[in-house]
Amino acid sequence: MHEIRVHNTLSGKVEPFVPLEPGEIRMYTCGPTVYDYAHIGNFRTFVFQDILRRFLKLRGFKLTHVMNLTDVDDRIIANAAKAGISIRDYTEKYIQAFFADCRALSVESPEHWIRATDHIDDMVALIQRLQKNTYTYPSEGSLYYRIAKFKDYGKLSKIDLTGIQAGARVDNDRYDKESARDFALWKAPKPGEHFWKTPIGAGRPGWHIECSAMAMKYLGETLDIHTGGIDLAFPHHENEIAQSEAATGKPFVRYWLHAEHLLVEGEKMSKSLGNFFTLRDLFAKGYKPSALRFALASVPYRRQLNFTFDGLQQATSSVERLRNFAARLKQEKFPAGSQPAIAERIAKAADDFDAGLSDDLNTAQALAAVYDLVREANIAMDKGEFRQGELAAVQELLANFDRVFAVLEDNDGEKLQALGYTDASSGLGDAAIEKLVAARQAARQRRDFAASDRIRKELAERGILLEDAKDGSVRWKRK
RNA sequence: GGCGCGGUACCCAAGUGGUAAGGGAGAGGUCUGCAAAACCUUUAUGCGUGGGUUCGAUUCCCACCCGCGCCUCCA
């Protein structure tokens with residue numbers, strides 16, 4: 001096992017990862033704002049975060065991972081009001097959709113899913129601590145954070161406060177703030193708007209306070225890892241640091257990990273460009289959940305990922321190759337005994353796989369290790385040199401691979417059905433397929449190839465592909 | 001302007017001061033009744049451009065060009 005190293009935005013460097021408590025990791029992820037369906041850009045970050053958590057667990061850490069659902073913000077308030085329903089009812093729909101999307105992409109549930117609106121009291125308590133430490137000031141019914149008092153402000157995003165001047169787009173006319181960069185901890189309600197009555201006044205929380213309050217509530221005042229998209233580094237995470245550390249006097253987060261953005265055909269994804277995709281958009285076009293997950297996971301997280309349909313197709317083929325190999329291991333019979341040379345190669349591949357992921361989650365490198373082994377094992381099997389003695393080790397490597405990448409299981413059909421999309425091969429159950437396969441086998445045995453090819457073609461048209469093995473058996477799979 | 005990411009074959013992409021992983025796609029081949037799968041061969045004297053350091057640079061230094069992001073509650 002290799003030393004785990006991660007890129008820490010705080011230092012700007014890749015550094016050894018050592019948790020505060022040996023063997024235990026406390027991690028927080030900024031989740032979605034549930035005002036609409038999440039898009040593939042969001043999921044680039046969530047898949048990264050999922051790969052990270054799965055890898056840490058694979059390495060034996062006890063992980064406590066918290067992910068929030070931001071269920072109150074300007075857009076939510078506006079949309080709920082427009083729909084004439086409560087914030088709770090409005091966001092519930094998108095929360096459920098988000099959970100469904102996560103399941104489709106095999107994004108594991110963190111140990112805690114938490115909603116902002118369930119933690120108003122915690123936010124108020126944190127704001128009161130800040131008040132006591134004189135980091136706040138009121139203005140027109142709202143409460144602001146006084147950045148000038150927090151000397152470390154800018155340490156995450158390396159922003160230079162003294163450099164703010166003409167040209168910088170700073171919103172300084174909307175509120176009466178002491179300084180342009182000061183941000184709202186608590187916002188006074190606008191007329192007719194939903195608000196909470198609290199000891200610090202009526203209103204609703206500012207954006208940043210929820211993450212500080214909830215992260216510390218569930219994970220303590222110093223967490224090991226905090227993840228999010230690169231765009232959140234400033235101002236969101238910078239402000240989280242300011243709030244948390246001003247209240248506790250302790251370091252808030254030890255390792256900040258930020259995922260680069262996803263682009264679509266080289267451009268920023270946006271609704272106006274017409275290159276904006278939700279998972280549902282892609283699944284409706286017939287792409288598989290596993291292909292999307294693979295496409296999102298295979299490019300290392302600190303690299304901008306250029307999403308294209310060609311790339312998604314490539315991912316489909318790449319997953320297929322791995323699944324074919326897994327199926328071969330399962331079905332083929334190997335002679336007893338063992339082959340030291342092959343055993344050695346397996347150990348090397350396992351080591352390379354771990355090395356790749358340990359090196360700041362270099363998924364491309366980890367994947368290469370797996371593909372190297374796939375090729376070499378296939379060669380050995382083709383030559384009849386693969387032995388039963390190596391089977392367990394290969395399967396273990398593949399299982400470990402899948403504990404992180406989670407693409408091997410051939411369950412795309414079920415996932416799509418769960419989301420309301422019908423499987424391409426729907427209508428043909430396993431039994432019906434087996435029956436046709438048997439009929440084709442019979443035709444082949446009497447060398448009636450016209451009949452056997454007719455059945456194969458018929459199955460192919462319904463999304464079922466056949467592979468005739470050397471030993472006479474047939475493997476079928478859904479396309 | 002400030003901060004940051006990146007420019008490697010047809011596409012995606014790893015990587016190192018010592019002579020370019022891996023995946024996909026294309027072409028040819030082996031196997032197969034034919035396919036599929038698998039395997040083999042093939043596709044970068046070349047790693048944005050120009051200099052420099054070095055015995056040697058894609059990898060280090062300098063300059064430049066290009067793409068993208070953040071600097072406004074966008075993952």
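Below, chain A is the first sequence line, B the second, and so on; all start at residue 1. These values consider heavy atoms only, across backbone and side chains, with no hydrogens, waters or symmetry-generated copies.
Nucleic acid contact class of A/H39 (heavy atoms, under 4.0 Å, all strands): base. Within 4.0 Å (heavy atoms only), A/G206 reaches no atom of the nucleic acid at all. Residue A/N324 is in sugar-phosphate contact alone, with no base atom involved, counting any heavy-atom pair closer than 4.0 Å across all strands shown. Within the nucleic acid shown, A/L263 comes within 4.0 Å of sugar-phosphate atoms alone, with no base atom in reach, counting heavy atoms only. Counting non-hydrogen atoms under 4.0 angstrom, A/P235 reaches the backbone sugars and phosphates but no base. If you check every strand for non-hydrogen atoms under 4.0 Å, A/R456 touches a base. Using a 4.0 Å heavy-atom distance criterion, A/G228 is classed as a sugar-phosphate-only contact. Contact annotation for A/S452: base contact, defined as any heavy-atom pair under 4.0 Å involving a base atom. Looking at heavy-atom distances under 4.0 Å, A/F449 makes contact with a base. Contact annotation for A/R447: backbone-only contact, meaning every heavy-atom pair under 4.0 Å involves sugar-phosphate atoms and none involves a base. Note on A/R440: a base of the nucleic acid sits closer than 4.0 angstrom, heavy atoms only.
When rounded to the nearest whole Å, the span between CG of A/L312 and P of B/A13 equals 14 Å. For the pair A/N306 CG and B/G6 P, the computed distance is 15 Å after rounding to whole Å. Per the geometry, CG belonging to A/N68 stands 12 Å off C1' belonging to B/A75, to the nearest Å. For the pair A/E467 CD and B/A38 P, the computed distance is 7 Å after rounding to whole Å. Atom C1' of nucleotide B/G22 and atom CZ of A/R375 are separated by 8 Å, given to the nearest angstrom. Note: CG (A/L257) to P (B/A75) measures 18 Å, nearest angstrom. Remark: C1' of B/C39 and NZ of A/K470 are 9 Å apart, rounded to the nearest angstrom.
Nucleotides B/A14 and B/U8 place their C1' atoms 10 Å apart, quoted to the nearest Å. For the C1' atom pair drawn from B/A21 and B/A13, the interatomic distance equals 10 Å after rounding to whole Å. Rounded to the nearest Å, the gap between the P atom of B/U45 and that of B/A20 is 11 Å. For the C1' atoms, the distance linking B/A75 with B/C68 amounts to 16 Å, nearest Å. Rounded to the nearest Å, the gap between the C1' atom of B/A9 and that of B/C5 is 23 Å. Atom P of B/U59 sits at a distance of 15 Å from the matching atom of B/U19, rounded to the whole Å. Rounded to whole Å, the separation between the P atoms of B/G48 and B/U16 comes to 15 Å. Look at the P atom in both B/G22 and B/A38: the space between them is 16 Å, to the nearest Å.
Listed nucleotides B/C70, B/C11, B/A37 differ in distance to A/D310; the shortest reach to its side chain belongs to B/C11. Looking at the side chain of A/D372, the nearest of the listed nucleotides B/A38, B/A75, B/G22 is B/G22. In this structure, of B/G22, B/A75, B/A14, it is B/A14 that holds the atom nearest to the side chain of A/P300. The side chain of A/L262 lies closest to B/A75, out of B/A75, B/C68, B/G22. For A/S318, taking side-chain heavy atoms from C-beta onward, the closest of the listed nucleotides B/G33, B/A75, B/G23 is B/G23.
For an aromatic pair to be called close, the ring centres must be under 6.0 Å apart, and A/Y144 with A/F183 fails this. For an aromatic pair to be called close, the ring centres must be under 6.0 Å apart, and A/F307 with A/F309 satisfies this. Checked against a 6.0 Å centroid threshold, the rings of A/F43 and A/F98 count as neighbours.
Neither OP1 nor OP2 of B/A38 sits under 4.0 Å from any side-chain N or O of A/N378. Using a 4.0 Å cut-off, some side-chain N or O of A/K268 falls inside it from OP1 or OP2 of B/C70. Within the 4.0 Å cut-off from OP1 or OP2 of B/C12, not a single side-chain nitrogen or oxygen of A/R303 is found. Residue A/R321 places at least one side-chain N or O closer than 4.0 Å to OP1 or OP2 of B/A38. A sub-4.0 Å separation between OP1 or OP2 of B/A25 and a side-chain N or O of A/S317 is present. Between A/N362 and the phosphate of B/A13, there is no side-chain N or O to OP1/OP2 separation shorter than 4.0 Å.
For RNA chain B, each stem of at least three Watson-Crick or G-U pairs (distances under 3.5 Å) is given as range with range: B:1-7 with B:65-71, B:10-12 with B:22-24, B:25-30 with B:38-43, B:48-52 with B:60-64.
Note on A/D382 versus A/K470: no salt bridge recorded, every NZ/NE/NH1/NH2 to OD/OE distance being 4.0 Å or above. A salt bridge does not link A/D412 with A/R293: none of the charged nitrogens is closer than 4.0 Å to a carboxylate oxygen.
In this structure, A/F325 and A/D73 both approach RNA chain B, and ranking their closest nucleotides by distance from the 5' end singles out A/F325.
A/G154 and A/E238 get closest at one heavy-atom pair: N-OE2, 2.7 Å.
In terms of polar N and O atoms assigned as donor or acceptor, the side chain of A/D382 never comes within less than 3.5 Å of the base of B/C40 in a complementary pairing. For B/C11, the base has a donor-acceptor partner in the side chain of A/Q314 [N/O atoms by modelled type, under 3.5 angstrom].
Stacking annotation: A/H261 is not stacked on the base of B/G69 (requires ring centroids less than 5.5 angstrom apart and an interplanar angle below 30 degrees).
Side-chain contact annotation: A/N378 with A/R375, donor-acceptor N/O pair under 3.5 Å absent.
By the 6.0 Å contact criterion, CD on A/Q96 is enclosed, its count of non-hydrogen atoms from other residues, nucleotides or ligands being greater than 12. Atom OH of A/Y371 is surrounded by more than 12 heavy atoms from other residues, nucleotides or ligands within 6.0 Å.
For A/K383, the side chain to side chain contact (heavy atoms under 4.5 Å, CB included) partners are A/I379, A/E385, not counting sequence neighbours.
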